[in-house]
> 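Next up is a structure, given as structure tokens.
These numbers come from a predicted model, not from an experiment.
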Amino acid sequence: LLANAPIAAALRPCREESVDFETTENLYIEGDNLDVLKLLRETYLNRVKMIYIDPPYNKSATNIYKDDYSEDADSFLVRDGQHDEQGNRMISNIDSNGRFHTDWLNMLYPRLRIARDLLTEDGVIFISIDDSGNENLLKICNEIFGECNFVGNIAWESKTKSQNTKTAYNKLQPKVEHILVYTKS
């Protein structure tokens, strides 16, 4: 619904931030990315050959987007209506359910739907993600682009040295990030 909801906005390029605005096709646009994507869709529907996005990774409080989308189990169950008539929870494992990633995925989903609309039939999209979001991002990309349009998962070494810091869960420090690659068709 968010991908198709109308907006009342105009696209205004940032001429001072754009490189050689008058002589190139390069354009710098600043604004809420969902609104900008909707405006670009009006002009560039099925006309973009390649898209690269680096969404927030759903783990840091310093990002411009709200990216700590976890909530306690009781709040999630109340909001999501996952109780039976006797008040019993209707999920089997409350520690691994969608409450940790639902809002993050809801933020990404409409943006990816519009990005797909922008791509040419032979267009390709590259999406950066870390280990913690890789599996969930794969699921929504398979839904939006189709599992048959999955090209690959590029794993790249983002850190060359180990981080000898302990986390709250004593996890290994990840050194690899991913770039998911999909075609439109």
> Would Leu138 and Phe150 count as a side-chain contact (heavy atoms from CB on, under 4.5 Å) here? Give the steps.
CA-CA 9 Å; Leu138 270 167; Phe150 174 69; 3.7 Å; yes

> Determine the minimum heavy-atom distance between Leu118 and Leu37, stating which atoms define it.
CD1-CD2, 3.8 Å

> Is the backbone N or O of Glu177 less than 3.5 Å from a side-chain atom of Asp130, with the two atoms forming a donor-acceptor pair by type?
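No: the side chain of Asp130 does not pair with the backbone of Glu177.
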
> Flag the pair Lys38 and Glu42 as a salt bridge only when some basic side-chain nitrogen lies within less than 4.0 angstrom of an acidic carboxylate oxygen.
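So Lys38 does not pair with Glu42 through a salt bridge.
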
> Using atom types as modelled and distance alone, determine if a side-chain donor or acceptor of Arg111 lies under 3.5 Å from a backbone N or O of Asn33.
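The answer is no, because no donor-acceptor pair under 3.5 Å joins these two groups.
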
> Are the side chains of Arg41 and Asn4 in touch, meaning some heavy atoms are under 4.5 Å apart?
yes

> Using only atom types and a distance under 3.5 Å, with no angle test, would you say the side chain of Asn134 pairs donor to acceptor with the backbone of Leu137?
no

> Heavy atoms only: give me the nearest Leu39-Ala9 pair and the separation to one decimal.
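Shortest heavy-atom separation between Leu39 and Ala9 comes out as CD2-O, 3.5 Å.
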
> Can you measure from CD1 (Ile125) to CD1 (Ile144) and round to the nearest 0.5 angstrom?
8.5 Å

> Determine, stepwise, if the pair Leu34 / Ile7 fulfils side-chain contact (heavy atoms from CB on, under 4.5 Å).
CA-CA 10 Å; Leu34 184 58; Ile7 60 168; over 6 Å; no

> Could you grab the distance from atom CE of Met107 to atom CG of Leu105, nearest 0.5 Å is fine?
9.0 Å

> If you group Ile, Leu, Val, Met, Phe, Trp and Tyr by side-chain heavy-atom gaps below 4.5 Å, do Leu2 and Leu45 land in one group?
no

> Testing the basics here: between Ile51 and Ala115, what is the closest heavy-atom pair and its distance to 0.1 Å?
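Taking every non-hydrogen atom into account, CD1-O, 3.5 Å.
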
> Could you pull out the closest heavy-atom pair between Ala3 and Pro110, with the gap in Å?
N-CB, 3.6 Å

> Among Asn46, Asn149, Asp117, which residue satisfies the side-chain hydrogen bond (donor to acceptor under 3.5 Å, both in side chains) criterion with Lys184?
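Testing Lys184 for a side-chain hydrogen bond (donor to acceptor under 3.5 Å, both in side chains) against Asn46, Asn149, Asp117 leaves exactly one candidate, Asn46.
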
> Take Glu143 and Tyr109, measure what side-chain contact (heavy atoms from CB on, under 4.5 Å) needs, and give me the verdict at the end.
CA-CA 10 Å; Glu143 181 178 325; Tyr109 192 89; 2.8 Å; yes

> Of the non-hydrogen atoms in Ser128 and Pro55, which two are nearest, and what is the gap between them?
O-CD, 3.3 Å

> Is there side-chain contact between Leu119 and Phe145, with heavy atoms separated by less than 4.5 Å?
yes

> For Glu17, does the CD atom sit with more than 12 other heavy atoms under 6.0 Å from it, leaving out its own atoms?
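Yes, CD of Glu17 has more than 12 neighbouring heavy atoms, counting only those of other groups under 6.0 Å.
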
> Rounded to the nearest 0.5 Å, how far does CD of Glu121 lie from NZ of Lys49?
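Lys49 NZ to Glu121 CD: 11.0 Å, rounded to 0.5 Å.
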
> Any chance CD of Glu135 has more than 12 other-residue heavy atoms, nucleotides or ligands included, within less than 6.0 Å?
no

> Could you walk me through whether Ile53 and Leu112 pass side-chain contact (heavy atoms from CB on, under 4.5 Å), step by step?
CA-CA 9 Å; Ile53 63 170; Leu112 291 174; 3.5 Å; yes

> Please go through Tyr52's hydrophobic cluster and name the other residues, only I, L, V, M, F, W, Y counting, with side-chain heavy atoms under 4.5 Å joining them.
Met50, Val124, Phe126, Val151, Ile154, Trp156, Ile179, Val181

